[in-house]
Amino acid sequence: MKRSQSEHDVNLLRALEVFMAVSDSRHVTGAAVALGMTQSAVSQQIKKLEWSLDATLFDRTRRPLELTHAGEILKRRAFRILNEVEDLRSDMRHVQSNSLPILRIAMLASIATTLTTGLLDMSREELHIPELSLAAGLATDHQTALNTKSTDIAITSDPQFDLTDYEVIPVLEEAFYLVLPGSYNGPTNDIQAISQHLSFVRFSADAPVGRRTDQHLQRCRIDLPRTMDADRASMVVAGVTTGKCFAILTPSLLIDAIAEGMDLRVEPLPITGFKRSIVAIYRPGNLEDIPRMIAEKSQELLRQSFEKLLPNLAADVIYHS
């Protein structure tokens with residue numbers, strides 16, 4: 001039988017909703033009342049659905065209406081379909097009520113533990129972002145992540161790449177200190193004399209903080225033999241805890257070790273001092289005020305950690321407002 005255009009023109013989801021209402025009430029009149037529709041509109045929806053599926057869904061010789069075998073099959077399938085559609089609608093409403101469905105933050109490995117809990121709470125309670133994705137790594141990792149757009153915000157240090165396409169929010173500046181084993185009782189005012197007692201463990205030259213330290217030592221005309229290098233603060237500090245090494249680190253590179261109760265002695269550098277900065281970097285776009293809020297929260301969390309774990313150094317950290 002040739003079908004008219006109006007019979008083909010069916011809103012399948014609406015028709016399924018009407019079908020479920022009729023199958024539940026078993027009366028066209030009852031379904032119409034429940035749906036706020038006229039009886040003729042309900043009948044038309046059922047007729048269009050039957051034409052669309054090429055199947056008779058109700059046995060109209062029975063009162064109240066009964067489902068045919070095809071109708072029973074459709075009812076089972078329609079129930080699942082309409083539930084899925086409602087779930088989808090709920091998800092879309094949830095996403096649209098947020099500025100971002102997921103926030104991706106890359107951060108320095110040395111401060112990841114300090115920042116994670118606070119940023120998670122903030123994303124849920126203040127920003128109302130349904131999903132937070134965190135990644136810890138080196139500053140060089142952050143450059144790649146930002147350039148490939150695989151992260152939204154990077155909490156990183158001393159960026160050494162072209163920032164033309166990015167916004168930068170300063171978080172803090174921190175000085176480098178001499179880090180010695182807790183059991184060390186030798187000289188602390190002469191780095192060359194210290195190197196006669198302890199080996200210097202440093203960051204590898206691949207890490208930005210390692211390059212920065214090497215450059216500063218060269219400027220100070222200090223040549224310390226290479227005994228061990230590493231690309232993570234945890235490994236550098238582990239070398240110091242052997243009692244055989246010393247290091248040059250900042251408070252943010254030390255907080256995990258202090259929190260874990262490692263036996264360390266932190267002293268001022270016996271050479272000209274130097275600092276590093278921690279910043280939040282992002283690409284301008286649809287993040288609105290989120291980067292500023294993340295930068296301020298990171299600053300707050302770091303300040304609290306310094307005051308709790310490194311009170312003698314906390315006052316020397318410079319915070320940017």
Side-chain angles (χ1 to χ4, degrees), residues 103-120 132-177 179 200-218 224 226-241 245-260 262 274-283 291 294-295 297-299 301-302 305-306 317 320:
L103 179 63
R104 302 164 302 171
I105 303 176
M107 63 185 77
L108 295 167
S110 57
I111 59 176
T113 302
T114 302
L115 299 185
T116 294
T117 302
L119 292 182
L120 176 59
L132 180 66
S133 174
L134 302 178
L138 302 174
T140 47
D141 300 324
H142 302 157
Q143 176 181 348
T144 301
L146 286 164
N147 288 341
T148 59
K149 299 183 180 180
S150 59
T151 194
D152 300 306
I153 305 170
I155 310 298
T156 189
S157 65
D158 297 319
Q160 302 296 309
F161 57 98
D162 184 6
L163 296 171
T164 303
D165 297 328
Y166 299 99
E167 296 288 341
V168 179
I169 304 174
V171 175
L172 60 81
E173 286 182 79
E174 56 179 353
F176 283 80
Y177 294 86
V179 183
F200 181 47
V201 55
R202 67 181 87 202
F203 278 90
S204 63
D206 292 335
V209 67
R211 290 196 297 273
R212 190 171 183 82
T213 303
D214 286 349
Q215 290 165 1
H216 187 74
L217 291 174
Q218 289 167 11
L224 298 174
R226 286 187 175 274
T227 302
M228 170 188 157
D229 61 33
D231 67 356
R232 291 291 190 274
S234 57
M235 292 186 281
V236 173
V237 173
V240 177
T241 60
C245 301
F246 75 99
I248 296 175
L249 301 170
T250 66
S252 69
L253 295 167
L254 280 169
I255 47 180
D256 277 358
I258 300 298
E260 292 173 12
M262 293 186 180
F274 67 115
K275 296 179 179 180
R276 79 165 183 167
S277 62
I278 293 180
V279 298
I281 304 177
Y282 67 100
R283 190 185 298 272
I294 294 295
K297 187 64 174 180
S298 299
Q299 183 185 96
L301 294 167
L302 288 167
S305 290
F306 294 154
V317 178
H320 298 279

When you compare the side chains of Ser277 and Asp158, does any donor N or O come within less than 3.5 Å of an acceptor on the partner? yes

Evaluate the ring planes of His216 and Phe274, with Trp represented by its six-membered ring, and classify them as parallel (under 30°), tilted (30 to 60°) or perpendicular (over 60°).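 Geometry flag for Phe274 against His216: parallel rings.
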
Check step by step if side chain to side chain contact (heavy atoms under 4.5 Å, CB included) holds for Leu138 and Arg232. CA-CA 8 Å; Leu138 302 174; Arg232 291 291 190 274; 3.3 Å; yes

Could you check if a side-chain atom of [X] sits within less than 4.5 angstrom of a side-chain atom of [Y], using non-hydrogen atoms only?
X      : Y      : result
Leu108 : Ile155 : no
Leu119 : Ser298 : yes
Leu103 : Ile153 : yes

Side chain [X], main chain [Y], donor-acceptor under 3.5 Å:
X      : Y      : answer
Arg202 : Asp229 : no
His320 : Ile169 : no
Thr250 : Ala175 : no

Kindly indicate, with the supporting measurements, whether the criterion side chain to side chain donor-acceptor pair (under 3.5 Å) is fulfilled by Asp162 and Thr164. CA-CA 6 Å; Asp162 184 6; Thr164 303; 2.5 Å; yes

Who are the ring pair (Phe, Tyr, Trp, His ring centres under 6.0 Å) partners of Phe203, not counting sequence neighbours?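 Counting only residues at least two positions away or on another chain, Phe203 forms no ring pair (Phe, Tyr, Trp, His ring centres under 6.0 Å).
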
Sequence neighbours excluded, which residues qualify as ring pair (Phe, Tyr, Trp, His ring centres under 6.0 Å) partners of Tyr282?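 Tyr282 satisfies ring pair (Phe, Tyr, Trp, His ring centres under 6.0 Å) with no residue once adjacent residues are dropped.
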
Would you call Asp152 and Arg104 a salt bridge, taking side-chain N to carboxylate O under 4.0 Å as the test? yes

Between Glu174 and Arg276 (salt bridge meaning N to carboxylate O under 4.0 Å), is one present in this structure? yes

Atom pair CD1 (Ile255) and CG (Leu302), whose distance is rounded to the nearest 0.5 Å: 5.5 Å

Please round to the nearest 0.5 Å and tell me the distance separating atom OG1 of Thr114 and atom CE of Met107. 10.0 Å

Yes or no on side chain to side chain contact (heavy atoms under 4.5 Å, CB included) for Asp165 and Asn147, after CA distance, side-chain angles and deciding distance? CA-CA 9 Å; Asp165 297 328; Asn147 288 341; over 6 Å; no

Please determine whether side chain to side chain contact (heavy atoms under 4.5 Å, CB included) holds for the pair Thr156 and Leu146, giving the CA-CA distance in whole Å, both sets of side-chain angles, and the decisive distance to 0.1 Å. CA-CA 11 Å; Thr156 189; Leu146 286 164; 5.8 Å; no

Taking it one step at a time, do Ser252 and Ile278 satisfy side chain to side chain contact (heavy atoms under 4.5 Å, CB included)? CA-CA 9 Å; Ser252 69; Ile278 293 180; 3.8 Å; yes

Sorted by chain and residue number, the salt bridge (charged side-chain N to carboxylate O under 4.0 Å, His left out) partners of Arg283 (sequence neighbours excluded) come out as none

